[in-house]
Amino acid sequence: MSSLLSKENFLKIGEYVYRKSGIFLEEDKHYEKLSKYVNKRVLELEVDNFRKYFYKLRFEDKDGSEFQELMNGVTVNETYFFREKDQFETLVNKVLPELHKNLPVSRPIRILSSPCSTGEEPYSIILHIIEEGTVVEQRDIEVVGIDIDSTVIKKAQVAKYTDRAVHAIPKDILAKWFRKKALGYELCDDLQGSVDFQVVNIFDKEQMRKLGKFDVIFSRNMLIYFDDASRKEVVMTFYDMLNPDGYVLLGHAEYMSRIVSVFTAKKVDNTLIYQK
Ligand SMILES: C[S@@+](CC[C@H](N)C(=O)[O-])C[C@H]1O[C@@H](n2cnc3c(N)ncnc32)[C@H](O)[C@@H]1O
C-alpha cells in the first residue's frame, strides 16, 4: 500500500501531536514511522483516506482512545535499568538524606518518575533506595511512574524484562531482586506493586495536579523530544508540583538553566540537580 500521508498531511498531524503532547515530530526522523502508523490505522478503522482518519482523531475521539493509539505509535520508549546511574547514587547519597533530615518523619517522601516508559527507571529508584537502606528503614517513600503511552505502562505493571533491559544491573543485585525466566527476567514478588504506575500526559494540567506534590522529580530523556516552549511549560509544571526545596533530576543531555531560572542548579559529584 502506498503512503496515505503526504508531506502536507505529515505537517498537519505533526502540528496536532505537538499541540496535545509537546512531542515535536521532524520529517527526516519521524515521517516513515508515522506514515506506516497512519496506513495501518486507516485499514483498521476502515476509513479510506487520511482526511477521514484525521477527522475521527480530532472530532469523534470522545474518550481519547484514538489519540492514545496515536501516541502509543509515535513515542520513543528506549530505557533500561540503572541508565545514567550517577543520578540514582546522587538520590540515595545526597538528596534523600537531606530531605529525610529536613522533613517531618510522619509524612512520606514522594518521588515521581516522569516519564517512566516500561518501568526500568522507577524500579531502579526503588532498588537503589532498598540497597542503600537507611532512609527507607526510618520512613515511608512513595514512587509514582507516569507515561503518556498506555502500552509501556501495562508492561511496567507486568515487570518482565529482557536481558538487554537488565544488562547494567550488578549481578548480585539482579540475583537478589529478579527471577530468571526462560526468556529474560521477572521482578521478584516483594517489589511487584512497589511503584504506582499511571497513564498521564505531562501537558494535561488536571491529570498532573491529581498526582499531588512531590519531593523529587526524575524527568530524563523526554525533554529532548520537545522544543523550548514545551520544555518550559513542562518544567514550570514540575516547579508547581514540587514541595519547597524539592529537586528535579534531568537526563545527562538535558539542561534547565537555558529554559527557566526558577531553580537553583547544584553540582553533586558528576550530576547536576535542580532545587526549587
Ligand atoms: C526515552 S523514554 C525515557 C524513559 C526514562 N525516563 C529513561 O530515561 O530511561 C521517553 C518517554 O517519554 C514518554 N513521553 C513523551 N511525551 C510524553 C508526554 N507528553 N507525557 C508523558 N510521557 C511522555 C514516551 O512515551 C516515552 O516512554
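Along the sequence shown, the residues carry numbers beginning at 1.
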Exercise. Any idea which heavy atoms bring Asp61 and Phe67 closest together, and the distance?
Worked result: OD2-N, 2.9 Å

Problem set entry | Ser21 and Asn201: CA distance, side-chain angles, deciding distance, side-chain hydrogen bond (donor to acceptor under 3.5 Å, both in side chains) verdict | CA-CA 7 Å; Ser21 75; Asn201 178 356; over 6 Å; no

Problem set entry | From CA spacing to verdict: side-chain contact (heavy atoms from CB on, under 4.5 Å), Lys276, Phe238 | CA-CA 10 Å; Lys276 179 165 174 175; Phe238 291 156; over 6 Å; no

Exercise. Is the number of heavy atoms from other residues, nucleotides or ligands under 6.0 Å of Asn270 CG greater than 12?
Worked result: no

For this session: Report the relative orientation of the aromatic rings in Phe82 and His128; use parallel for angles under 30°, tilted for 30 to 60°, perpendicular for over 60°.
Result: tilted

For this session: Look at the aromatic rings of Phe88 and Phe218 and report parallel, tilted or perpendicular, splitting at 30° and 60°.
Result: parallel

Exercise. Hey, do the aromatic rings of Tyr185 and Tyr161 have their centres closer than 6.0 Å?
Worked result: no

Problem set entry | Pair Phe263 + Tyr239: ring centers closer than 6.0 Å | yes

Problem set entry | Basic-acidic side-chain contact under 4.0 Å: Asp228, Arg258 | yes

For this session: Would you check if the distance from the ring center of Phe59 to the ring center of Phe54 is below 6.0 Å?
Result: no

For this session: Return yes when atom NZ of Lys155 has more than 12 non-hydrogen atoms of other residues, nucleotides or ligands closer than 6.0 Å, and no otherwise.
Result: no

Problem set entry | Minimal non-hydrogen separation, Leu211 against Arg110, with atom names | O-NH1, 3.0 Å

Problem set entry | Criterion side-chain hydrogen bond (donor to acceptor under 3.5 Å, both in side chains) on Thr90 and Thr271, from CA distance to verdict | CA-CA 7 Å; Thr90 300; Thr271 309; 3.2 Å; yes

Problem set entry | Smallest separation among heavy atoms of Tyr274 and Tyr255, with atom names | OH-CA, 3.9 Å

Problem set entry | Other residues, nucleotides, ligands: >12 heavy atoms within 6.0 Å of Arg51 CZ | no

Exercise. So does Glu186 pair up with Lys180, basic N to acidic O under 4.0 Å?
Worked result: no

Problem set entry | Thr134 and His100, any side-chain heavy atoms less than 4.5 Å apart | no

Exercise. Does a side-chain N-to-carboxylate-O contact under 4.0 Å join Asp215 and Arg107?
Worked result: yes

Problem set entry | Proximity of Tyr247 and Phe214 rings by center, below 6.0 Å | no

For this session: Take Glu121 and Arg220 through the salt bridge (charged side-chain N to carboxylate O under 4.0 Å, His left out) test and state the conclusion after the steps.
Result: CA-CA 9 Å; Glu121 179 177 284; Arg220 308 187 315 158; 2.8 Å; yes

Exercise. Within a radius of less than 6.0 Å around CD of Glu46, do more than 12 heavy atoms belonging to other residues, nucleotides or ligands occur?
Worked result: no

Exercise. Is the shortest side-chain N to carboxylate O distance from Lys94 to Asp269 below 4.0 Å?
Worked result: no

For this session: Say whether Glu98 and Asn102, considering side chains only, have a donor N or O and an acceptor N or O under 3.5 Å apart.
Result: no

For this session: Answer yes when Glu120 and Lys160 have at least one side-chain N-carboxylate O distance shorter than 4.0 Å, and no when they do not.
Result: no

Problem set entry | Neighbour count >12 (heavy atoms, 6.0 Å) for atom NZ, Lys29 | no

For this session: Flag yes if more than 12 heavy atoms outside Gln138 fall under 6.0 Å of its CD atom; otherwise flag no.
Result: yes

Exercise. Should the heavy atoms of other residues, nucleotides or ligands under 6.0 Å from NZ of Lys33 be counted, would the total exceed 12?
Worked result: yes

Exercise. Do Gln198 and Asp196 pass the side-chain hydrogen bond (donor to acceptor under 3.5 Å, both in side chains) test, and can you show the C-alpha distance, the side-chain angles, and the key distance before you say yes or no?
Worked result: CA-CA 7 Å; Gln198 299 186 38; Asp196 173 12; 3.1 Å; yes

Exercise. More than 12 non-hydrogen atoms from neighbouring residues, nucleotides or ligands closer than 6.0 Å to CD on Glu27, yes or no?
Worked result: yes

